[in-house]
Structure formats: structure tokens, C-alpha cells
Amino acid sequence: MKRTLLIIALIAALVPAAAGAEASYHGVSTGGVVNDVAITADGRYMVAGTGGGEIVCLHRDGTVAWNVSAPGTVTAVAVAGSGDYVAAGTVGGDVLLFDGVGGRYWTKSVAGSVRDLAFAGDGRSLAVAGDRIVLFTNLGKEEWTRAVQTGTRSGETPPHVTSVAFTSDGKFIAAGSSNGAILFMNRAGNLIWEGLARGAVTAVDASRDGSVVAAGGRDRALQVYGRAGGLPWALPTGAPILALALSGDGRFVVVGKEGGDVECYRPNDALIWKNRTESNVPAVDVSRRGEAVAAGNAGGTVYLWNSNGDVRWSFDADAAVSAVALSENGDYLAAGAGERAFIFRTADEPVTAAAEETENATTAPTQAGGAGALVGLLAGAAAGAVSRLRRR
């Protein structure tokens, strides 16, 4: 009898722990190479777009919320606020808008491949980077379109838009182009100022209120502008910038470079820190106040640093990392690597044995073992003990 009571007590102790436990990360096989990821501001959901045309939405516990197909390769995804709207763009120029449960609102077409997407903070406007910059409302109305002027900085004719950013207050849009143009517009599409880079602009970003705009590109230079434009604060970076992210408060700008360096700058001031990875860094992000900095490299490693550049942890994703995205406070991190989408709880170092893995995003996620399996074994043992007790 004492043995039975002991087993039952162990079950009672473990069941709440198992039910409430949260693995430090979860990984899902999407069935296609992940090209882009996005995460909600609160970190409750992430979205991944794949080369196979899948758009997969995951809960932060790793379960698949929904999974839909696009007409072709998904090149960019974006999510508004807490997940009220999800947008996806394809290599064929399709732009799709979904609600928070995967229902499609509308599909539109733009000229050229969709290279980037950005929502206004309220989710009511969506900026699209194709051959032109196009602004849609959440109802699918095309508000305006702006072409990138052909210039002498690129042999490509015509040039195209490479990156687009929307301020959280929804008042301003920044964009970069393949011919080195850096554009800053208001929500109505009126050009406020235009900056110039010596090569293709690979990434732009803007602070929440548009008071700081950062741009980087193939010309190995970081440029930072104020809302009024004028001459930028510029620094040589020594290698082409492949990725760039600006904190929401405008206090930190992070760049990922060809060759493997990740650098963090204080705009209009100086380099704060620099970390070396082993290969090209095509993906970086920074939380709203710079509490967390994330990066992914071509060698298959996801990195997380604090605002001082001290490593918090790194994770081997077993494939080239294509995209990373941090929640607003930096407590959750989404990443894409190969055919897998990952979501991490950043407070804890990822432990492979603790992760729930799903083999395919189109099937129900498999549950992790560990404590749950032990509870099952103990329950079986308890049942057996009770049975033997009754036979006595």
C-alpha cells in the first residue's frame, strides 16, 4: 500500500510540471526551403514562407495553427500586430492577405517578384517591394504605386525595389532599390527625400516614429538619416551588408555582413560591438529597445546576443539560416533554416532533447516525450500496483 501511495504521489507531482512545462524551442518541417519568417509583436505566433509555396503559421508551443498554399514560391512574409493580418508575396508577383486563422481576404498582383513586405503598425496598410513600391489597404485597394528611377549606379534596367519598411505609427515608408536609391515617403506616397548609395541597397529599416532611418548595401557602407533627410551619418563597414535591423527606439542598428561579421552601432555615434561568425550573415534582427540581437548565418547557426554583444546562446540549425525575427521585447525568436521553421524562447538556451519536433507542417504535431512519458510509465505502474493490491 505504501508503494502504491508513493507512485501516486509521484504522478501528482509530475503531472502539473509536465502540463505546464514549455520547451526552450520547437522545430517544424515545412516541406520546402524556408525563405522568410515573421513573428507577432507578443511572440505568440510565427509565420514561415517556403520555396514550395507553403505559408505556415505556428503557435509558440510549436503546434501548427494553420497552413495554406500560395500560387508559387513564397519570397516574403509579414505579420501585423498580434496576428490579425498575415501577408505573403511570391516570386511571380502575387500578394496575398490572410486573417489570423488563415482565411484569405484577397490576392493581388504586382510587377516583378515580391522582395519584401511591411505592415503599418495598425495593419491597415501594406507596403510591397516589387519592381515598384506599391501600397495596398487591408481591404485590397491599391492606394498608390511609385517607380524607382533609372540611374547610373546600376547596370540593371529597370531597377527594382529591394527592401521596404513601414514606421509603426503608420506615417512614413522607407525603401531601398537595386540602383542605390534610398527613398523616404509619407503614407500618401509623396517623396520627402531621396538618399543615394554607391551600390545596390540590400536592406532598410526605420524607427517606430521615422526619426531614424538606416540603410546598408553592397557598397560596404552604413547610412543613417533623420526624418528630414539631408547628409547622412555614414560609416564604411569593410564588407557588403547583407542584412540590417534598427531597434524600434532608434538607438541601435545591427548589420550582418558578407564574410561573417555582425556589428551593432549607435546611430550618429559609433560602433558598439562586433562579433565574428564563420560565414555570411544574411539575417539579423533586434528587439524594440535593443535588449536582444539575433542573427543567422550561411553555416547554419542561429545566434542570440544581449545589448552589449555578450553571447546568450547559439544553436546549430543543421542548414543555412535564411531569416530571423524577434518579438517586440525579444522574448521569442523565429528562424528559418533549410526546410525547418523554429521558434525559440530566448530566456533559455535551446536544449535539443527538450524540443518538440513535427515531421510535417500539414500533419498534427507529435508530442515530445520526457516528463509526459515518465508520467505514463508511472501511471501504468500505479495501475499495476493497485491491481495487485486488489488481488490480495
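Within the 3.5 Å criterion, the main-chain N or O of Gly83 finds no donor-acceptor partner in the side chain of Thr40. In this structure, Ser279 contributes its side chain and Gly299 its backbone to a donor-acceptor pair below 3.5 Å. Judged by distance alone, the side chain of Asn280 and the main-chain N or O of Gly259 form a donor-acceptor pair under 3.5 Å. When atom types are taken as modelled, the side chain of Asp36 and the backbone of Gly49 share no donor-acceptor pair closer than 3.5 angstrom. Between the Ser29 side chain and the Arg340 main chain, no donor and acceptor come within less than 3.5 Å of each other. At least one donor-acceptor pair under 3.5 Å links the side chain of Ser24 to the backbone N or O of Val351. Between the Ser247 side chain and the Phe252 main chain, a donor and an acceptor come within less than 3.5 Å of each other. Side chain of Thr75 to backbone of Gly89: a donor-acceptor contact under 3.5 angstrom is found.
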Criterion side-chain contact (heavy atoms from CB on, under 4.5 Å) on Ser322 and Asn35, from CA distance to verdict
CA-CA 6 Å; Ser322 55; Asn35 290 327; 5.7 Å; no
Apply side chain to side chain donor-acceptor pair (under 3.5 Å) to Arg44 and Ser82, showing your working.
CA-CA 8 Å; Arg44 292 180 61 196; Ser82 58; over 6 Å; no
Step by step, work out the side-chain contact (heavy atoms from CB on, under 4.5 Å) result for Val302 and Leu333.
CA-CA 10 Å; Val302 179; Leu333 166 63; 3.8 Å; yes
For Val293 and Tyr303, what are the C-alpha separation, side-chain angles and deciding distance, and is it a side-chain contact (heavy atoms from CB on, under 4.5 Å)?
CA-CA 8 Å; Val293 174; Tyr303 297 89; over 6 Å; no
Going through the checks in order, is the side-chain contact (heavy atoms from CB on, under 4.5 Å) test met by Val128 and Val114?
CA-CA 7 Å; Val128 181; Val114 176; 4.0 Å; yes
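The existence of a salt bridge linking Glu263 and Lys257 is confirmed by a sub-4.0 Å separation between a basic side-chain nitrogen and an acidic carboxylate oxygen. A salt bridge does not link Asp331 with Arg312: none of the charged nitrogens is closer than 4.0 Å to a carboxylate oxygen. Salt bridge Arg208/Asp169: absent, no basic N to carboxylate O contact under 4.0 Å.
Contact of the His160 side chain with the Arg115 side chain is registered, since non-hydrogen atoms from C-beta on lie closer than 4.5 Å. Side-chain contact between Leu191 and Leu183: present, with at least one pair of heavy atoms (C-beta onward) separated by less than 4.5 Å. Considering only heavy atoms from C-beta on, Leu244 stays 4.5 Å or farther from Thr202 through its side chain. By the 4.5 Å heavy-atom criterion applied to side chains, Val224 and Pro232 are not counted as neighbours. Contact of the Arg345 side chain with the Arg60 side chain is not registered, since no non-hydrogen atoms from C-beta on lie closer than 4.5 Å. Residues Val148 and Val161 are in side-chain contact: their nearest non-hydrogen atoms beyond the backbone lie under 4.5 Å apart. Side chains of Thr237 and Tyr265 form a contact here, defined as non-hydrogen atoms less than 4.5 Å apart. With contacts defined as side-chain heavy-atom distances shorter than 4.5 Å, the pair Leu139/Tyr105 does not qualify.
Checked against the 6.0 Å centroid criterion, the rings of Phe166 and Phe119 do not qualify as a close aromatic pair. In this structure, Phe344 has its ring center under 6.0 Å from that of Trp313. Taking the six-membered ring for Trp and the full ring otherwise, the centers of Trp106 and Phe136 sit less than 6.0 Å from each other.
In the hydrophobic cluster analysis, where Ile, Leu, Val, Met, Phe, Trp and Tyr join through side-chain heavy atoms closer than 4.5 angstrom, Val213 is grouped apart from Trp233. Transitive grouping of hydrophobic side chains (ILVMFWY, heavy atoms separated by less than 4.5 Å) keeps Ile182 and Val212 in distinct clusters. Leu246 and Phe184 are members of different hydrophobic clusters when ILVMFWY side chains are connected at heavy-atom separations under 4.5 Å. Phe172 and Leu126 end up in different hydrophobic clusters when Ile, Leu, Val, Met, Phe, Trp and Tyr side chains are linked at under 4.5 Å. Hydrophobic clustering (side-chain heavy atoms under 4.5 Å, transitive across Ile, Leu, Val, Met, Phe, Trp, Tyr) groups Val311 together with Val262.
In terms of heavy atoms, Val201 sits closest to Ala197 at CG2-CB, 4.0 Å. Minimum interatomic distance between Ser207 and Gly248 (heavy atoms only, all atoms of both residues): CB-O, 3.5 Å. Of all the heavy atoms in Pro71 and Thr90, the pair that sits closest is CD-CG2, 4.3 Å. Scanning both residues, Ala214 and Val253, for their nearest heavy atoms gives CB-CG2, 3.8 Å. Shortest non-hydrogen contact noted between Ser109 and Asp94 is OG-OD1, 3.9 Å. Nearest heavy-atom pair, Ala234 versus Gln223, reported as atom, atom and distance to 0.1 Å: CB-CG, 4.3 Å.
One distance of note links CZ of Arg227 with CD1 of Ile192; it measures 8.5 Å at 0.5 Å rounding. A distance of 8.0 Å separates CG in Asn186 from CD1 in Ile173, rounded to the nearest 0.5 Å. The CD atom of Glu328 sits 9.0 Å away from the CD atom of Glu291 when rounded to the nearest 0.5 Å. With values rounded to the nearest 0.5 angstrom, Thr30 atom OG1 is found 8.5 Å from Asn67 atom CG. Here Arg220 contributes atom CZ and Arg218 contributes atom CZ; the two are 8.5 Å apart, rounded to the nearest 0.5 Å. To the nearest 0.5 Å, the span separating CG on Asp261 from CG on Asn275 amounts to 9.0 Å.
There is no side-chain donor-acceptor pair under 3.5 Å between Ser327 and Asn329. Under the 3.5 Å distance criterion, with hydrogens and angles disregarded, a donor-acceptor pair is assigned to the side chains of Asn138 and Tyr85. Arg124 and Thr137 share no side-chain donor-acceptor pair at under 3.5 Å. For the residue pair Ser69/Glu54, the side-chain donor-acceptor check at 3.5 Å is satisfied.
Grouped by direct or indirect side-chain proximity (heavy atoms under 4.5 Å, Ile/Leu/Val/Met/Phe/Trp/Tyr only), Tyr45 sits alone. Residue Trp66 belongs to a hydrophobic cluster whose other members are Val47, Ile55, Val68, Val74, Val77, Val79, Val86, Leu96, Phe98, with links defined by side-chain heavy atoms closer than 4.5 Å.
Classified by interplanar angle (parallel below 30°, tilted 30° to 60°, perpendicular above 60°), the ring pair Phe315/Phe342 is perpendicular.
Around atom CD of Glu278, no more than 12 heavy atoms belonging to other residues, nucleotides or ligands sit under 6.0 Å away.
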